[in-house]
Amino acid sequence: MKELIIAFGLLLFIEGILYALFPSKMKNMLKTIEKMEINQLRTGGLIFALMGFVIVWYFKS
C-alpha cells in the first residue's frame, strides 16, 4: 500500500511540474485532446495503462 501511495505522489509531482514549467504547451495539448475522438482517447489510455502495468510487473518480479 505504501508503494501505491508513493506512486500516486510521484504521478502528481510529475503532472504538476509539467504544468508549472510548460503552462502554454499544456493548454495547447488539452485543446488537442478535446478534439480527439473518444475511441482514440480510450485506445491511448489502454496502451499507456498496459505499458505502466508491464513496467511495474517487470521491476517487481
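Each residue takes its place number in the sequence, starting with 1.
A continuous path of Ile, Leu, Val, Met, Phe, Trp and Tyr side chains, each step under 4.5 Å between heavy atoms, connects I17 with L30, placing both in one hydrophobic cluster. There is a path of hydrophobic side-chain contacts, each under 4.5 Å, that joins L10 to L18. The cluster map of Ile, Leu, Val, Met, Phe, Trp and Tyr, joined by side-chain heavy atoms under 4.5 Å apart, puts I33 and I14 in the same cluster. By the rule that hydrophobic residues join a cluster once side-chain heavy atoms approach within less than 4.5 Å of another member, V56 and I6 end up as members of separate clusters.
The only option from L4, L12, I5 that meets the side-chain contact (heavy atoms from CB on, under 4.5 Å) definition with F8 turns out to be L12.
R42 has no carboxylate O lying under 4.0 Å from a charged side-chain N of E37, or vice versa, which leaves the two without a salt bridge.
Taking each heavy atom of L41 and M36 in turn, the nearest pair found is CD2-SD, 4.0 Å.
How far OG1 of T43 is from CG of N39: 6.0 Å, rounded to the nearest 0.5 Å. Taken from CG in L21 to CE in M26, the straight-line distance is 10.5 Å, to the nearest 0.5 Å. Within the model, atoms OH of Y19 and NZ of K25 stand 14.5 Å from one another, a figure rounded to the nearest 0.5 Å.
Taking a 6.0 Å sphere around CD1 of I38, one finds it holds 12 or fewer heavy atoms contributed by other residues, nucleotides or ligands.
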